[in-house]
Every structure is written in C-alpha cells, then in structure tokens.
Peer 1: 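Sharing a structure below in structure tokens format, with a few things to ask.
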There are 2 protein chains.
Amino acid sequence: MEDDAKKELIEYNDKEFNCSLAFALHLIGDKYKSLIIYHLKDGAQRSGELQKSITDLSNRMFTYSIRALEKDNLVKRTVYPVTPPKVEYELTEEGKSLIPIVLELNKWGQDFASKHHLYAP
Amino acid sequence: MEDDAKKELIEYNDKEFNCSLAFALHLIGDKYKSLIIYHLKDGAQRSGELQKSITDLSNRMFTYSIRALEKDNLVKRTVYPVTPPKVEYELTEEGKSLIPIVLELNKWGQDFASKHHLYAP
DNA sequence: CGGTATCCCCTACGATACTG
DNA sequence: CAGTATCGTAGGGGATACCG
C-alpha cells in the first residue's frame with residue numbers, strides 16, 4: 001500500500017485533490033508550465049530569452065504560467081535593479097526534481113510521433 | 001541535438017504541435033486520462049469497476065476520456081456480447097509505455113504534498 | 001450495465017493595448 | 001525589457017436525464 005495511489009485528500013490553495021497524480025497535473029499539466037520547466041532545465045534564463053524560446057507563448061500566458069510556477073515554489077525569480085530591467089528565472093530544487101519526468105514525457109511524445117509518422121515534412 | 005526538444009512540427013487530427021512535450025500533454029495531460037491509465041496499469045478492468053475506482057469521475061467524463069484514449073491507441077476496448085452487457089478496457093502496448101511516467105508523476109505529487117504538509121487529516 | 005444527449009458554467013488561453 | 005489590464009473565445013468539465 002506504500003507506493004500505491006494515496007486516496008488521502010490533498011488540500012492546496014482552497015482546492016482539493018483526491019489523488020496525488022491529479023494534484024501533480026494541476027501543478028504542471030497545463031499547456032505551457034512543463035514547457036517552461038523543460039526550457040529551464042539547463043539553468044537560469046533571462047525572461048525575454050525564455051519566453052522567446054517557447055513557440056507560440058504569448059506574453060500574457062508566459063506571465064500567467066511563470067507566476068503560478070513561482071507560487072508553487074518550482075521556479076525562482078530574480079530581479080536585477082538595473083536599467084533596462086533584467087529578470088532571470090531558474091528552477092528551484094523542487095522544480096529540478098521534475099526534469100527527469102519532463103524529459104521522459106518529451107521523449108515519449110517524440111517516439112509516439114515518430115511511430116505514427118506525425119512529423120510534418 | 002538528438003535528444004533535445006524537436007522543433008519540428010507535429011500534425012495530429014488537424015491540430016499542430018510545435019513540441020513533442022506539448023503533444024504528449026495533449027494526449028494524456030487533462031484531468032482524467034492519466035488517472036485512467038494509472039488505474040489500468042495492472043491489467044484489464046471492467047468498465048464500471050474502472051469508473052468507480054476513480055473518485056469524482058462522472059459517467060460523462062469517463063466516456064469522453066476513454067474514447068479519446070481509444071482513438072489515440074493507448075487503450076483497447078473489448079465488448080462481450082452478453083446480457084447484461086460487459087465491456088473491458090486495457091492498455092495497449094503503447095499505453096503501457098506510459099506507466100513508468102505516470103508512476104513517477106504520481107510519486108512526485110505525493111512527495112510534494114508530503115513536504116508541504118498538504119495531506120488533510 | 002454501459003453509453004449517449006443536452007444544457008450550462010468556468011477557466012485556460014488568445015489578441016491587443018498600455019505602463020514603469 | 002518586463003509586466004499588467006481588458007476584452008473575448010473554445011472547450012474541458014459538472015449535472016441531469018434518457019436509450020439499447
């Protein structure tokens with residue numbers, strides 16, 4: 001029973017999760033969060049660079065996603081008091097613990113796309 | 001570059017994905033799909049049992065999610081022509097390849113919840 | 001028992017414009 | 001350069017009722 005799915009209730013920010021898997025997906029499951037984590041895997045990145053590195057990531061959704069990751073203590077934000085402003089983001093230790101999972105999921109997606117010949121010419 | 005994120009375009013069901021990670025999340029990232037995969041990890045299950053095993057899973061969302069998984073060739077559906085009707089679901093080989101990832105993600109969620117003392121008494 | 005159909009809501013997400 | 005504000009949309013998701 002130890003490593004089985006816990007049925008115990010998880011409470012987080014006034015929300016409830018019946019399963020740790022559902023909870024994990026809440027933290028990183030939406031469209032851009034895991035992409036951000038992926039792109040931060042090799043170290044801190046400047047805000048603009050990070051945003052540009054992710055295709056189709058609008059400024060609005062970037063802010064939205066990175067703020068959520070920050071709140072959840074997966075990403076750390078550092079502001080340098082210079083002009084023009086400079087902001088860097090990097091993974092926290094807890095955020096880094098997600099890297100292997102994200103890498104695996106990415107690889108799985110690659111394999112699936114290759115097997116089914118989904119890559120456009 | 002081999003195991004890096006491919007920038008190549010993935011086309012799937014009239015949708016486009018710029019990253020294999022985003023694509024993978026499209027396949028299993030929403031609220032219940034990964035939970036279904038998790039609960040099928042030990043073998044085939046009868047429809048009703050499977051549905052009941054997942055807390056808060058409505059009949060409607062169960063059908064919706066399992067149909068999508070079926071279309072994506074991650075789950076196989078077997079109908080037994082008896083009365084009353086009996087239907088079983090099981091992971092395909094491709095679906096099984098997701099088990100380790102889902103297990104890891106589940107464990108990660110457990111660890112996070114434990115560290116932050118999120119488990120309700 | 002297993003599944004579909006309808007109605008409706010909420011929110012993740014997009015586009016655009018604007019501030020320090 | 002970094003971020004916020006506002007408006008608008010699509011679809012994931014809940015509740016309920018109904019078929020073979």
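Numbered from 1 within each chain, the chains take letters A, B, ... in sequence-line order.
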Peer 1: Closer to the 5' end of DNA chain C via nearest nucleotide, is it A:D56 or B:T63?
Peer 2: B:T63
Peer 1: C:dA12, OP1 or OP2 - any side-chain N/O from A:K33 closer than 4.0 Å?
Peer 2: no
Peer 1: Using whole Å, report how far CZ of A:F17 lies from P of D:dG13.
Peer 2: 12 Å
Peer 1: Of the nucleotides D:dC1, D:dA2, D:dG14, which one has an atom closest to the side chain of B:S58?
Peer 2: D:dG14
Peer 1: For B:M61 and C:dG2, give me the distance from atom CE to atom P, rounded to whole Å.
Peer 2: 19 Å
Peer 1: Can you tell me the distance, in whole Å, between the CD atom of A:Q51 and the P atom of C:dG14?
Peer 2: 12 Å
Peer 1: Any cation-pi pair here, A:K115 with A:F112, using under 6.0 Å and within 45°?
Peer 2: no
Peer 1: Check the distance between D:dC1's C1' and A:L50's CG and give it to me in whole angstrom.
Peer 2: 14 Å
Peer 1: Nearest whole angstrom, please: distance from the P of C:dG2 to the OH of B:Y80.
Peer 2: 12 Å
Peer 1: Look at the side chain of A:V87 and decide which nucleotide, out of C:dG3, C:dC13, D:dG3, has an atom nearest to it.
Peer 2: D:dG3
Peer 1: Against A:L69, only a single residue in A:L27, A:L91, A:I36 fulfils side chain to side chain contact (heavy atoms under 4.5 Å, CB included); can you say which?
Peer 2: A:I36
Peer 1: Please compare B:S65 and A:F62 by the position of their nearest nucleotide in DNA chain D and report the one closer to 5'.
Peer 2: A:F62
Peer 1: Check whether more than 12 heavy atoms from other residues, nucleotides or ligands sit under 6.0 Å from atom NZ of A:K86, and answer yes or no.
Peer 2: yes
Peer 1: Answer yes or no: does a side-chain N or O of B:R77 lie under 4.0 Å from OP1 or OP2 of C:dG3?
Peer 2: yes
Peer 1: Report the relative orientation of the aromatic rings in B:F17 and B:H26; use parallel for angles under 30°, tilted for 30 to 60°, perpendicular for over 60°.
Peer 2: tilted
Peer 1: It should be established whether A:Y64 places a side-chain nitrogen or oxygen under 4.0 Å from OP1 or OP2 of nucleotide D:dA5.
Peer 2: no
Peer 1: Could you state the CG-P distance from A:N59 to C:dC13, rounded to the nearest angstrom?
Peer 2: 15 Å
Peer 1: Between C1' on C:dA12 and CZ on A:R60, what's the gap in Å once rounded to a whole number?
Peer 2: 8 Å
Peer 1: Which nucleotide, C:dG2, D:dG13, D:dA2, lies nearest any side-chain atom of B:D30?
Peer 2: D:dG13
Peer 1: Would you call A:E104-A:K107 a salt bridge at under 4.0 Å N-O?
Peer 2: no
Peer 1: Return the value, rounded to whole Å, for the distance between atom NZ of A:K86 and atom P of C:dG20.
Peer 2: 24 Å
